[in-house]
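To start, the structure under review is shown below, and the notes come after it.
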Amino acid sequence: MALAFCGDEGNSTAYNVDHGVLNNGCFVDALNVVPHVFLLFITFPILFIGWGSQSSKVHIHHSTWLHFPGHNLRWILTFILLFVLVCEIAEGIVSDGVSESRHLHLYMPAGMAFLAAITSVVYYHNIETSNFPKLLIALLFYWTLAFITKTIKFVKFCDNGVGFSQLRFCLTGLLVILYGMLLAVEINVIRVRRYVFFKTPKEVKPPEDLQDLGVRFLQPFVNLLSKGTYWWMNTFIKTAHKKPIDLKTIGKLPIAMRALTNYIRLNEAFEAQKVCKASIWRALCCAFGRPLLLSSTFRILADLLGFAGPLCISGIVHNTKIIGVFFISSQEFLSNAYVLAVLLFFALLLQRTFLQASYYVAIETGINLRGAIQTKIYNKIMQLSTSNMSMGEMTAGQICNLVAIDTNQLMWFFFLCPNLWAMPVQIIVGVLLLYYLLGISALIGAAVIIVLAPVQYFVATKLSQAQRSTLEYSNERLKKTNEMLRGIKLLKLYAWEHIFHSSVEETRQKEMTSLKSFALYTSISIFMNAAIPIAAVLITFVVHAHLTRKADFSPSVAFASISLFHILVSPLFLLSSVVRSTVKALVSVQKLSEFLSSEEIGEEHDKSSELRSGDNHSKYQAVVSNCLICRKKKSALKLVFCFLFLSTLAQITNGFFTWTPEGPPALSNIDIRIPQGQLTMIVGQVGCGKSSLLLAILGEMQKISGNIFWSRCTRKRKRGSVAYASQKPWLLNATVEENITFESPFNKQRYKAVIDACSLQPDIDILPHGDQTQIGERGINLSGGQRQRISVARALYQQTNVVFLDDPFSALDIHLSDHLMQEGILKMLREDKRTIVLVTHKLQYLPHADWIIAMKDGNIQREGTLKDIQKSETELFEHWKTLMNRQDQELEKTIIESKTVLERTNLRRTMYSREALLKDDEEDEEEVTESDDEDNLSSVLHQRAKMPWSACGKYLSAAGILLLPLLVLSQLLKHTIMVAIDYCLALWTSDKTDQNNKDFNHSRYSKVFSILCCLGIVLCLVTSIAVEWTGLKVTKKLHSSLLNKIILAPMRFFETTPLGSILNRFSADCNTIDQHIPATLECLSRSTLLCVSALAVISYVTPMFLIALVPLAIMCYFIQKYFRVASRDLQQLDDSTQLPLLSHFSETVEGLTTIRAFRYEAKFRQKLLEYTDSNNIASLFLTAANRWLEVRMEYIGACVVLIAAVTSITSCLYNELSSGLVGLGLTYALMVSNYLNWMVRNLADMEIQLGAVKRINGLLKTEAENYEGLLSSSQIPQNWPDRGEIQIQNLSVRYDSNLKPVLKHVNAHISPGQKIGICGRTGSGKSSFSLAFFRMVDTFEGRIIIDGIDIAKLPLQTLRSRLSIILQDPILFSGTIRFNLDPEKKCTDSMLWEALEIAQLKHVVKALPGGLDAIVTEGGENFSQGQRQLFCLARAFVRKTSIFIMDEATASIDMATVSLECFPSLLGHSRACSRVKNTSQRHLCAGSLAAP
């Protein structure tokens, strides 16, 4: 075949120039090549040389500074130009036709123009990012020349009568317009920035974000191509494969996307809407509506382009032929199958790009919205009235739900919002196209889908209800599991494991019932999603074939219709999700509106006058002004006293305060003053309003009347920072050091002094990492005393002039209290002349007070010095004196006993704690290596790219040998039948087309087709049920095994494993296995088998496709390999950054009064912004990574469609392939495009979710305690031990085989009926000695013999059920009082009342509604600490065992109860029993018990 630019026919007139050179079409085409050659010749050397020497003077990272005007317009015009040039190339090739000579001038100039257009945009990008605008002159000349030459060609077409009926004329006109617009863009850049021809170009500074090397999220700054394809993520994804992603890797958010920026935008919208009293919805739309509109536009464009697939399939199958003429029309052009294949390819690329852009913009908007709302909620929390929290109107849980759930509901609503507009468009266009192809029968098929849509909505509603029910039972189960784990020591000591095990299992059974409903409705939903298209296709085609015999039933119609039905099902299936999301968003907005309108704290100081206290002169002025106020209500004598002796810090006059506006005053007739630079003590009985008075001074209570006056104590503010230690210690989820310094600069000397004053050093030594140990949420890993002292240490460390201490001694023993008083309050604070307000019950410290405020029943009983009160209130002073003498005697005993051994005890305690620390570290290292290293990411770097196949095998093996084959076979059969259905349709339509007669018999094919469709529908149901059934069986088995292992684990396991870690296995991991893995498994298997079957069908139809499949498969492999690693890291980072954010909200709510007292609102707001931005940047990177994957997978899918189409057309033309098989191959190629990315996404999700299986299997390796004994039940007397004789022979005890002994060679003999007291300081081994009786510790030498039987030979259940113990920490469980006293239900009511009477609780319980059946809340929070301890005493007495052990059982009980009533009754009740009493020296008087 001859090849020439103008053709090589003998009689060609291509070279004829008789009518002028410009009238020769070939010459004009050659002229059009000149600009493109010019650009390629000029720019290629520059592009190859590089841009190293032309860098910007300002440092910009990533070369992403896009600062030329019209940047996005240029890229859009270039993309359109490239598409038009492709069409011009295709038009030239098609119009050249089949001839002996090829006319290169028809498509070669367009090809050169295509290369030049790509070069121009690359060249422009390098000029812009390198900031070297002088080189723009080359582009200016290029666009000018291209515009001129193309205009000449267009004019000559007009002169020669070529018009709109010819495609080439239209394409040339479009190119003239595009080149002209690009020329205008270039001129505008040069004009605005004064480049090229101007001497002084306009200076432009890069954005602040691009000058900050910490900003690594570049989506807003990159060019349009990189935005659409997420090309900038390539470097990030590759880096993630080499090392784990952390917060440092992902950097900071751009300024425009930060929570503060979005909060300001939202707040401005809120303020604007307040003026016109509009709704919150309008404010949200005003702030974030514009990007949402952009997302909706992208979505509608993507959905419209999605219909190109079915239409092109119809055209390709119908027009498998080639035409050849010199000038062709648009209709003739689109009749070429190859042209349609290329157009389908570009349509898919564009559709997928628009779709992913819509997803990204919607999710980014939702994330920005979430950050803004969370910030607004936090600012509202900072202003919330304390009464909202204290009176239960607003709980911390409700606020955390608002943050964690409702903000996410709004975020996901914004993500799904574009569907509200896109779905109607998609449904209407789909139905119209179906009607165009199939006529009336299409409406019948569409009616099937539309009629079943309400059924889908009903199923979705039921699914949502089942999920809520499951969540309720799951919460109840977790509550019981949490109580079980917190009280595991008591359960083991009392041998009650089986009771609580049964209780948790009972709740789990209820949860499993809900999970079965959830699984049922999930399987129905999956079934309907798969079966509805089959049913619609079956009904439509059978009706179309039999009722409309004259209608077209060709392969082009059939397979285009199948694709349309698949498109039509998607929006209807999504409809239920969108409706549910909309309803949830409406509820969330209502809750948000109620919260934002809740009452705020009143700024009392706005109405108060300010006292000046600068120098001495101003001090006297302040006192004078204060006394002028007092003159109206105080006597002249008190005025003089005030003036002469006091400098007042704060004063309340005639104050009435309440917690609720409607409620009665909690404080009445308050007239007090707080002397400046002195120690003020507030004393009074429990509940008299001491803490309320402190909060009233701080402005936390609602003022009914009166005034609060503050002196100018700090920086001319109404009230400065007050170091406040609340009665209930409030700690941050941070290190010990950070809790003490509390955002203040670290001063080593002061820090050490505070630690010593609060006696914290021995406690710090016990902690695993000293003062760098992370304190759990609410200080969960510390004792009450440790929490109290850290809270007080925080107040001592601050450099504020005012310190408020609310009952700081409540959780401390007398020695620690005295040390804190002497070294902390008196030495550190009072000697520094700081103002101290101390609420206390320790009356022995009253002599140290400079000023005393005595309260009674919400009123001020008396205020003044101790001497004043001694003179004026003799009776009150005598009462105080009596109590002070009693407490002083107790303190004296303690000091005498402890003075000489204090240092040694602390040293021993430190050494012991270090041994425990070393042991913990060793065990942690063993756990890291033995528990599959799940939680230590750095130790599994070499496994990061591998799938956890072992965990997958364990999950599937748990399903059993019968269910697993059913699952696999049903999936394989289902997809085989699906292929058979489409293959049958291909044969049916091909035969109909080949025979092409009116008497074609459809019945044979329709019967087979109907049977296959019905079989496919049945298999859809079987597979969906099999997957959910497998999930149910696995989750039931794993939870049961985990519960059995944990409940029987040794106590050492619970001491070395964080409670939160164990609880997470029962909560998050079990939830993942319950609800997420089955759905992911189903989706993964479906998408994988669909892709495999699609590739198999395409390969069968056109074997040539296999050649192209190899490189595509290699690309897919590497893309998924890199993506899975990055996705897993980002998902974990997203989860891990959410926890501190929610924890910060919870901490703020609980410590609101402390934060406001310190005036630390701004610091905590800043921390909130940091946490929010960290979570948002992780979420955005995860979103960008998902889009990165989906764009690439869908582009690969588009390549599969193009290759399949080209090979099918070629086979059809030259190998006589049936048109039905061409349609089959193309339909399945479109399926690959849809499901390829889902396969990789689900693979990544499955990898993350299998981590839950892996972690649970790690815990299943825990060794259980040896509950079996050497003695059988028949060898143990029924009433053993009946006497209570104890022989301890050479007993040595340790907590673990690697630790040193805590008891060495102990020998003792306890006769029946004796009462033994064991005394010693902390760490001396008292509790260890008690635990040895229950075999809770490792007895490696010696033995304990009780009533002649060595306890080592007894079964654990028997041993522990025959002894009784009361622990130091009182433990109550949620339920009834009856359940807490007798969970085994062995005692009568009279026995229970008797036990309560001995414990001095009978009158308390009788006063409760329900008596013995009165409710006990979680942890016994509705009872005081002392009452809880008394309940534990009663519980121990109910058992009536011969051996009774008390481990510091008096720790929380007041002296009167201990010495006068409870213990003599308890200990003397049964003289035949042996009693072992452990007590520290602070309760020596209660522990020195004589034998009867």
Side-chain angles (χ1 to χ4, degrees), residues 35-36 38-47 49-85 113-151 174-211 218-228 231-232 256:
H36 315 313
F38 162 77
L39 183 70
L40 295 173
F41 180 78
I42 291 293
T43 58
F44 261 69
I46 299 174
L47 290 172
I49 290 170
W51 305 85
S53 59
Q54 299 109 10
S55 59
S56 171
K57 294 180 181 179
V58 183
H59 181 69
I60 312 166
H61 72 108
H62 299 294
S63 300
T64 54
W65 186 21
L66 310 177
H67 58 289
F68 288 168
H71 168 86
N72 287 335
L73 178 61
R74 181 195 296 266
W75 277 89
I76 292 169
L77 291 173
T78 305
F79 289 145
I80 297 172
L81 175 65
L82 290 171
F83 177 73
V84 174
L85 289 171
F114 186 83
L115 288 176
I118 293 175
T119 305
S120 71
V121 78
V122 173
Y123 180 75
Y124 160 77
H125 175 70
N126 281 276
I127 290 173
E128 186 175 29
T129 54
S130 301
N131 199 24
F132 203 75
K134 291 181 181 179
L135 295 177
L136 284 174
I137 191 169
L139 287 177
L140 180 65
F141 280 120
Y142 169 65
W143 299 128
T144 304
L145 289 174
F147 175 70
I148 292 171
T149 54
K150 194 58 70 175
T151 303
L174 280 174
L175 289 172
V176 170
I177 294 171
L178 288 170
Y179 282 129
M181 292 180 73
L182 285 165
L183 176 61
V185 169
E186 209 69 68
I187 293 171
N188 184 60
V189 172
I190 294 171
R191 181 186 65 83
V192 172
R193 293 294 170 82
R194 305 179 67 81
Y195 291 146
V196 183
F197 305 112
F198 297 92
K199 291 183 179 180
T200 56
K202 184 179 179 181
E203 289 188 10
V204 182
K205 290 185 178 181
E208 186 180 338
D209 290 317
L210 293 182
Q211 298 180 56
L218 303 176
Q219 181 72 5
F221 311 111
V222 293
N223 61 60
L224 209 59
L225 179 64
S226 187
K227 275 182 182 174
W231 191 263
W232 64 272

Quick one: [atom1] on [X] to [atom2] on [Y], what's the gap to the nearest 0.5 Å?
X: Glu186; Y: Thr144; atom1: CD; atom2: OG1; result: 9.0 Å
X: Leu218; Y: Lys227; atom1: CG; atom2: NZ; result: 11.0 Å
X: Ile80; Y: Trp75; atom1: CD1; atom2: CH2; result: 14.0 Å
X: Ile177; Y: Thr151; atom1: CD1; atom2: OG1; result: 10.0 Å
X: Leu145; Y: Leu140; atom1: CG; atom2: CG; result: 9.5 Å
X: Leu82; Y: Leu77; atom1: CG; atom2: CG; result: 11.0 Å

**Report entry** Within 6.0 angstrom of Phe141 CZ, more than 12 heavy atoms from elsewhere
**Finding:** no
Hey, are the side chains of [X] and [Y] touching, using non-hydrogen atoms and a 4.5 Å cut-off?
X: Asn223; Y: Asn72; answer: no
X: Phe83; Y: Phe79; answer: no
X: Leu136; Y: Leu139; answer: yes
X: Leu85; Y: Leu175; answer: yes
X: Leu66; Y: Phe221; answer: no

Query - Check: Phe147 ring centre within less than 6.0 Å of Trp143 ring centre - result: no
Closest approach of [X] to [Y] (non-hydrogen atoms, all atoms of both residues):
X: Ala116; Y: His36; result: CB-CB, 3.7 Å
X: Ala117; Y: Leu81; result: CB-CD2, 3.8 Å
X: His71; Y: Glu128; result: ND1-OE1, 2.9 Å
X: Leu39; Y: Ser120; result: CD2-CB, 3.8 Å
X: Asn188; Y: Pro69; result: ND2-CB, 3.9 Å
X: Leu135; Y: Tyr123; result: O-OH, 2.8 Å

Query raised in the report: Taking the six-membered ring of Phe68, is NZ or CZ of Arg74 closer than 6.0 Å to its centre and within 45° of its axis?
Result: no
Query raised in the report: Given Phe44 and Thr119, is the side-chain contact (heavy atoms from CB on, under 4.5 Å) satisfied, shown in steps?
Result: CA-CA 8 Å; Phe44 261 69; Thr119 305; 3.8 Å; yes
Requested in this report: Mind telling me whether Tyr179 and Tyr142 have parallel, tilted or perpendicular rings, with 30° and 60° as the class edges?
Outcome: perpendicular
